[in-house]
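Presented below is the structure to which this report refers.
The structure displayed is predicted, hence computed values, not measured ones.
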Amino acid sequence: MMQPDARLTAISSMAAREVLADLAEAYRRTAGTVVAIESVGGVEAARRIRAGESFDVVVLADEAIASLESEGRVIPGSRVGIAASGVAVAVRAGASLPDISTGDAVRKAVLVASSIGYSTGPSGVHLARLFERWGIAETTRSRVVQAPPGVAVGTLVASGQVEIGFQQLSELVHMPGIQVAGALPPEIQVTTIFSAGVCATCSQREVARAWLTFVASPENDGAKRRHGMEAA
């Protein structure tokens, strides 16, 4: 049903920025509802929701949405899984692609890299734990550059600040100045589920739920794949 006067506000992590922009435009055309999305670092988005900023919808890693739901910041029962993305590896455009065919190959690529970039989000947490598990956390500590919240690792790679970067594929796939070497191999891969929830501050709850139903719909799986994601 068309709702030409409806307007929703949403806040999301950077990983979902591109796909949400596409889906917001598609929803505007089909339902008449405008969805204005602000994309920031996931940690910052959660902080702002907890600080009481008024949004209709929040989109973050599933664990973060679950925490906000348990705290009463997201309406119980409104959480919907919308997309999933694995971690990929990138180097600067024109550079030699590293061998990332196995976990051991990735470990060797990290050890020989002059600098390594990862984020403060779920992919960065995974990399930090992986380096600990491999016993190379201390060896690599001085060469690790952690992108500040809201800053894409790909920008560090493109500018030459880091030689090799790790982040969700959805954040690397459209980044200029880099080339994606591929996804982490299955034995060390981690997939992050991104979920959405209706904020407790939302005054248009049925409109917000309708938007989330649209975003999670199988008809939008193709848009998710174009942006380096899969259905949740």
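- Judged purely by distance below 3.5 Å, without hydrogens or angles, the side chains of Glu163 and Ser114 pair a donor atom with an acceptor atom.
- Residues Arg133 and Glu187 approach most closely at NH2-O, 4.3 Å, considering heavy atoms.
- In plain terms, the two heavy atoms of Ala15 and Ser170 that are nearest each other are O-OG, 2.9 Å.
- At a threshold of 4.0 Å, the pair Arg141-Glu138 counts as salt-bridged, since one of the basic side-chain nitrogens sits closer than that to a carboxylate oxygen.
- Side-chain contact annotation: Thr192 with Gln168, donor-acceptor N/O pair under 3.5 Å present.
- When every heavy atom of Ile136 is checked against every heavy atom of Val110, the shortest pair comes out as CD1-CG1, 3.9 Å.
- Lys108 has no carboxylate O lying under 4.0 Å from a charged side-chain N of Asp99, or vice versa, which leaves the two without a salt bridge.
- Hydrophobic cluster membership differs between Val91 and Val145, with clusters built from Ile, Leu, Val, Met, Phe, Trp and Tyr side chains linked at under 4.5 angstrom.
- Ion pairing between Glu38 and Arg17 fails under the 4.0 Å rule for side-chain N and carboxylate O.
- By the 4.5 Å heavy-atom criterion applied to side chains, Phe194 and Met229 are counted as neighbours.
- Taken together through direct or relayed side-chain contacts under 4.5 Å among Ile, Leu, Val, Met, Phe, Trp and Tyr, Leu212 and Phe55 form parts of separate hydrophobic clusters.
- Glu71 has a carboxylate O that lies under 4.0 Å from a charged side-chain N of Arg50, or vice versa, which qualifies the two as a salt bridge.
- The same ILVMFWY cluster, assembled from side-chain heavy atoms under 4.5 Å apart, contains both Ile188 and Leu111.
- Annotation for Leu8 and Asp56: closest pair CA-OD2, 3.3 Å, computed over non-hydrogen atoms.
- The side-chain contact (heavy atoms from CB on, under 4.5 Å) with Trp134 is formed by just one residue from the set Val106, Asp104, Thr139; it is Val106.
- Two different hydrophobic clusters hold Val87 and Val153 under the rule that ILVMFWY side chains link at heavy-atom gaps under 4.5 Å.
- Aromatic ring centres of Phe214 and Tyr27: separated by under 6.0 Å.
- With rounding to the nearest 0.5 Å, the separation of CD in Glu53 from CZ in Arg48 is 4.0 Å.
- Heavy atoms of other residues, nucleotides or ligands lying less than 6.0 angstrom from CZ of Arg205 number more than 12.
- For the residue pair Ala109 and Ile164, the shortest heavy atom distance occurs at CB-CD1, 4.3 Å.
- Transitive grouping of hydrophobic side chains (ILVMFWY, heavy atoms separated by less than 4.5 Å) brings Ile100 and Phe131 into a common cluster.
- Residue-environment remark: CD (Glu25) exceeds the threshold of 12 foreign heavy atoms within 6.0 Å.
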